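The structure appears below as structure tokens.
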Amino acid sequence: MSELPPTTSIRRWLVTTNHKDIGILYLITALFFLLFGGVLALLIRVQLWDPANQVLSGLAYNEAVTAHGLIMVFWFLSPFAFGFANYFVPLQIGADDLAFPRLNALSYWMYLFSGILLAVSFFQGGTLSAGWTMYAPLNVPMYTPSIGSTGAVLALFMFVVGVTASTVNFLTSIHHSRAEGMGIMDMPMFTWSMLATVWMMLFAFAALLAVGLLLASDRVLGSVYFSATEGGSLLWGHLFWFFGHPEVYIVFFPALGVMLELFQTFSGRRLVGRKWVIIAICLISVQSFLVWMHHMFLTTINLEIKTLMMATTIGISLPFDLVVFALIYTLMKGRIQFTTPFLFAFGALLLFILGGITGVFLGAIVLDYEFRGTYWVVAHFHYVMFGGATALFGGAYYWFPKITGKMYDEFLGKLHFVIFFVSFNMVYFSMFLGWETPRRVFEYNPEFQIFHQIGSIGAFVLGFSFFIMFYNFAKSYVSGPEAGENPWDYSRTAEWAVSSPPPLENWPNRPSYASGKLEFVKDYVPDGGPAVKADENGNAATDGGDTHSDHIRDYPYWDKHPSHASIWPFTLSLATGIMLLGLSGFNDSVAFEIGESLGSTAITVSNAAYPMLAVLGLLGLIFSGVKWGLEEFYAPPSEFAERWPFNGVEKVKLGMWFFMASDVILFGAFISAAVFIRYNAGWRTWEPLTESLPGLINTFVLLTSSFTVILALVAAHRNSRKGLLASLGTTILLGLTFLSIKMWEWHHEVFDRGVTLSQNAHGDPIQASIYYVTTGLHGVHVVGGMLIAGFLFYRAYHGAYLDDERPVEYFGLYWHFVDIVWVFLFPLFYLF
Amino acid sequence: MIHPITLQQGTDWQAQAEVFEEIFFVFLALGTLVGIVVVSYTLWNVYKYRDDGSEPDADFDAPVVGELPTGQGGPKAKKLFLSFGLSAIVVISLVVYAYGLLLYVEDGPDTGEEGDIEITVEGYQFGWEFLYPNGHSEMNELVVPADKRIDLTVTSRDVWHNFGSSDLRIKSDAIPGETSETWFSVSSDEVAAQGGEATFRVECFELCGSGHSAMKGQITVIPQDEWDEWYANTEGDSESASVEDADPASDTDTSRVTGAAIGGVGA
């Protein structure tokens, strides 16, 4: 189904893979979650009206606080920004679409269904109540036993999976599809901010994926990571904040990008010190991974590390200073137009300045000791994160004419801004005044009641102000004046060079900056061959000097029309959602009684619904995955594109490398967790749980299978179908051998030695958890590899891959990676 | 609500509250100053360079759609680095200044010959247990003498809590399986000013479950002689001792033993 139905059809929105459609879906869904999180915020504000007030019970209040934080940070801020990124990054870099359109649709549907899963968790005995930071061990079932708590954790996990796909997609797109002549330093600032954002996301969300998987394992399977007194709580702190601090910039950078665009557009001036702003953004992205322990100054980390973290924290504030001054100086000598988008962007700058200054307070450790866990922190991060989001609302007004083709109402927009800005400061500045109130406490010291009451009034006004925006957008969409191609006087970026809304494939002809400014060139397409770059006179250039066009020759389907529709991202996400919903109640409805052997293990199912949902979801997932793999979907790479610094790398391979980079962090986090816990328990007090011989055999088996994968590639290259089938088959057999030995080993541990996920007859229970979960994650990677290899085998049997062996190569990359991971796991669990 | 708590023992003694107030004041003053200067400078310029509909200056070079940002000879960035340098100096000197006082807060004041008192604080859902060197334990109320340095070793028997008293400006994470430390001291002047018994509010600063909001305690400071008498009566307090023994949380036993072994109170 590659034909895209019209926008009036509901089916269009289920099957679309077009970046603009998906951008719109993201924006609307994110605004819905803004309302959802906003209503929870108002519940909190009602409770805070009076310290004696008990509208909500203690537990319900904690659920509201937790869900408010999770929804705003994960399901509103980033997706709202990614709505704009989806719509405008391809336009700004001169691409037709993102690199992997179906993967992009998958990211969106994963996002939507994860949000639904979170909403459902309220009705599964109450959602998670451990705060959005989910500190251990409050996050384990012993302290938060409801099924909904597990549901919320799995929802977050699913969200992160979608984000990872999105990250790989944006990184590949920006590094692979920039129009000819657009060097990396030439990219518009919004795209630059998004590039820095997705680079940070690639590593930060992999850490969150790791910590989410560990928590899901504790909650669904019964491992004991975060209840372990051998550093389980601190492990959570380290892993969570290793993600959590970059996350602050991940939500702020897109907003910064909007500010950088809007300040230029509405002052008619180009960014001051542009190169330095870009350098500052890159510096912040790197530094963001070196400051996380400033969230843990009051834990038991030692003074030397605290000092180091204080220094890096102050260090990261300096590039921000530079960016703020660059924004201010850009306005000077300009012709500033006080339109609604500019007011929001400018308001965001003012709010961010206040957030930044109060952040310096927190950087001083002595002050942090007292601010820890108080409303000072709450106020500070709302000024930074929600203050940043203020610019995103500016972005909504700025790009509304481009997306809809209609102009919004300027008076209503300005009214929205004024009410928003005043009430924003009522809500959050009052928090600074009553800062000694502990976070997430409603029975607070009555001395501070006046501040909390001002905040509560402000919150309702703030919430109301958004209905002005919704009304404005709805009314303008129906009956607003036509906006035209470019309603702004001083816009520069390419989205303003096409109609509003832009056509499905964005450009009239191929966009190119080769001459130093945007032009649309008509390429010469010979019959039966790839496009050839046109010279100045429109004749085909045959100099062959452009190495990029080699990429297109790799694609046998170059003359086909690009596809824009697929239902499988939707069904795959739906199935994943159903499976995770089933898993959320798995631990509560299925009980295992381990007997003498596997045969005598009794399984008691108290509620069949949950396990059935899990199985149903899994089947749907596999079905959709196979259909996805078999679908003919054509997403061509840009023919003539700037690809620095990945000039020689083909599109899918580049995506594969990005994915594996995030997988490295995932395993890195798992291995770090194992080392951290063992160090805390006393390194030498642990002996390996396992015999080393099976591990050694498995090491040889896996290394050999790496070799046979190379043979498969060679065979495919030589057009030898038999050779390909033989070496792929050997690889599969070796993989199955590995899994069999692994199963024997686990069976031996469980039934002969009494070592299960949560029990260990030979030492600390946590040691058993670490062994099963870490090698289990690797095992899941092996199983995944076997499924892909089986799929390749099936296709190869029917004659595929002989003229295009790249799928075999990509599988090989993945398989080598899985083998290398084992090389790290083997000594950790079998030798020492 | 902010009590400056001065100490008598020596001029070099400063309570954490005093250190905090000093640094907070300096940061607040400078932060407000910088904030007002930057924001008013920005507002003034935004007003000054507004588009009032007049003809643009001759040197106004409007951007056009589709231009590349590089090679356009963008505006000069000299001022940018001047402001950046100034702000860097302010921020770095502030933090270096604050760091000096951190070292003091970390170690606590030198107690000289006066022995300090070591108390183990154990958080639980939802309250605080204070364990004295003699094995006596109190629930939710810590009674200590004036003019002494009180060292707290903080831990938890279930989930992550945070023991803190805003009045005293002390705070410490209570993490299961870990111990963290903080200290405080209240002068007899302060005790006298509050009528012979100074009380300070204790709250939990880390979300710990449904009773988090209500997890309150109190620190009560009384004159040394009254405290000596009170403390002597707690010796061999069988009721609290049995509470002690019945405590199933084994992971905190070590810290208890340590606390009891070290705590040499000069009473």
Side-chain angles (χ1 to χ4, degrees), chain A residues 58-59 62 131 135 137-138 143 185-186 229 233 268 270 272-274 276 298-300 303 314 317-318 321-322 325-326 328-329 331-337 350 353 357 360-361 363-367 369-370 372-373 436 438 440-443 447 486 490-492 494 496-497 513 516-518, chain B residues 1 19-20 23-24 27 31 34-35 38-39 42 45-46 49-51 56 62-63 65-72 74-75 77 79-80 83-84 87-88 91-92 95 98 101-102 105-106 159-160 162 166 169 171-173 175-178 180 203 205-214 251:
Chain A
L59 193 64
N62 290 349
Y135 270 19
L138 186 62
Y143 301 107
M185 293 300 279
D186 300 330
T229 47
S233 298
R270 297 178 187 86
V272 173
R274 188 175 199 275
W276 296 103
L298 274 182
T299 63
T300 50
L303 181 63
I314 295 310
S317 77
L318 298 179
D321 283 1
L322 188 129
F325 285 119
I328 295 172
Y329 290 134
L331 296 178
M332 290 171 62
K333 301 209 177 94
R335 295 174 60 77
I336 300 165
Q337 301 169 333
L350 298 182
I353 288 174
I357 290 174
V360 172
F361 283 57
I365 300 180
V366 180
L367 297 185
Y369 280 177
E370 310 310 326
R372 157 92 167 89
E436 283 167 302
R440 297 144 169 176
V441 155
F442 50 87
E443 293 162 71
E447 278 177 56
N486 179 15
Y490 306 126
S491 53
R492 305 154 318 288
W496 303 108
Y513 290 88
K517 64 181 199 313
L518 178 65
Chain B
M1 98 217 120
V19 177
F20 175 84
I23 301 181
F24 186 51
F27 271 65
V34 169
V38 171
V39 169
T42 309
N45 275 299
V46 166
Y49 293 108
R50 71 194 182 282
D51 182 1
V65 171
E67 70 177 29
L68 277 185
T70 41
Q72 293 284 338
K79 228 187 209 167
L80 180 61
S83 327
F84 172 67
S87 72
V91 169
I92 292 172
V95 169
L101 286 163
L102 168 71
V105 168
E106 285 283 308
V159 301
W160 190 319
N162 180 296
S166 291
R169 302 283 185 229
K171 208 168 273 175
S172 198
D173 275 331
I175 307 170
E178 309 272 332
S180 61
E203 290 168 296
F205 287 84
E206 183 56 61
L207 183 63
C208 59
S210 59
H212 170 58
S213 269
D251 53 278

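All heavy atoms count here, side chains included; hydrogens, waters and symmetry mates do not. Nothing here was measured: the structure is a model prediction, and the numbers come from that model. A, B, ... follow the sequence lines: proteins, then strands. Residue 1 opens every chain.
By number of non-hydrogen pairs under 4.5 angstrom with chain A, the leading residue of B:Val34, B:Val105, B:Asn45 is B:Asn45. Top candidate by heavy-atom pairs under 4.5 Å with chain B, chosen from A:Ser491, A:Ala497, A:Gly363, A:Ser317, is A:Ser491. Ranked by heavy-atom pairs shorter than 4.5 Å toward chain B, the options A:Ile336, A:Ile365, A:Leu518, A:Leu322 are led by A:Ile336. Contacts with chain A were tallied for B:Gly35, B:Ala62, B:Ala98, B:Pro63; B:Pro63 has the most, counting heavy-atom pairs under 4.5 Å. Chain B forms more heavy-atom pairs under 4.5 Å with one residue of A:Gly268, A:Ala494, A:Ala326, A:Gly58 than with any other, namely A:Gly268. Options B:Val39, B:Thr42, B:Asp51 differ in how many heavy-atom pairs under 4.5 Å they form with chain A, and the most are formed by B:Asp51. Options A:Asn62, A:Leu303, A:Leu138, A:Ile314 differ in how many heavy-atom pairs under 4.5 Å they form with chain B, and the most are formed by A:Leu138. Note on A:Thr299, A:Leu350, A:Leu59, A:Asn486: by heavy-atom pairs under 4.5 Å with chain B, the leading option is A:Thr299.
In this structure, the side chains of A:Tyr490 and A:Gln337 come closer than 4.5 Å at one or more pairs of heavy atoms. Side-chain contact between A:Ser233 and B:Glu178 is absent, with no heavy atoms from C-beta onward closer than 4.5 Å. Two residues are said to be in side-chain contact when any heavy atoms from C-beta on lie closer than 4.5 Å; A:Asp186 and B:Pro69 meet this criterion.
The parts of A:Leu367 that come within reach of chain B are both its backbone and its side chain, each placing non-hydrogen atoms under 4.5 angstrom from that chain. Only the side chain of B:Ile175 comes within less than 4.5 Å of a heavy atom in chain A; its backbone stays farther off. With a threshold of 4.5 angstrom between heavy atoms, A:Arg372 approaches chain B through its backbone and through its side chain. In this structure, the portion of A:Tyr329 lying under 4.5 Å from any heavy atom of chain B is its side chain and not its backbone. The contact between A:Tyr135 and chain B is made entirely by side chain atoms (from C-beta outward), counting heavy-atom distances below 4.5 Å. With a threshold of 4.5 angstrom between heavy atoms, A:Leu318 approaches chain B through its backbone and through its side chain. Residue contact with chain B, scored on non-hydrogen atoms closer than 4.5 Å, involves the backbone and the side chain of A:Leu331 alike.
The shortest non-hydrogen separation linking A:Tyr143 to A:Pro137 is CD1-O, 3.0 Å.
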**OP:** Assess whether salt bridge (Lys or Arg N to Asp or Glu O under 4.0 Å) is satisfied between B:Arg169 and A:Glu436, documenting all intermediate values.
**Re:** CA-CA 10 Å; B:Arg169 302 283 185 229; A:Glu436 283 167 302; 2.7 Å; yes

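Looking only at distances, a side-chain donor or acceptor of B:Lys171 sits under 3.5 Å from a matching main-chain atom of A:Glu370. Judged by distance alone, the side chain of B:Ser180 and the main-chain N or O of B:Ser172 form no donor-acceptor pair under 3.5 Å.
Summarising the geometry, atom CD1 belonging to A:Ile328 is positioned 4.5 Å from atom CD1 belonging to A:Ile353; distances are rounded to the nearest 0.5 Å. We find the CD1-OH distance between B:Ile23 and A:Tyr369 to be 11.0 Å, quoted to the nearest 0.5 Å.
B:Phe27 and A:Phe361 have their aromatic ring centers within a separation under 6.0 angstrom.
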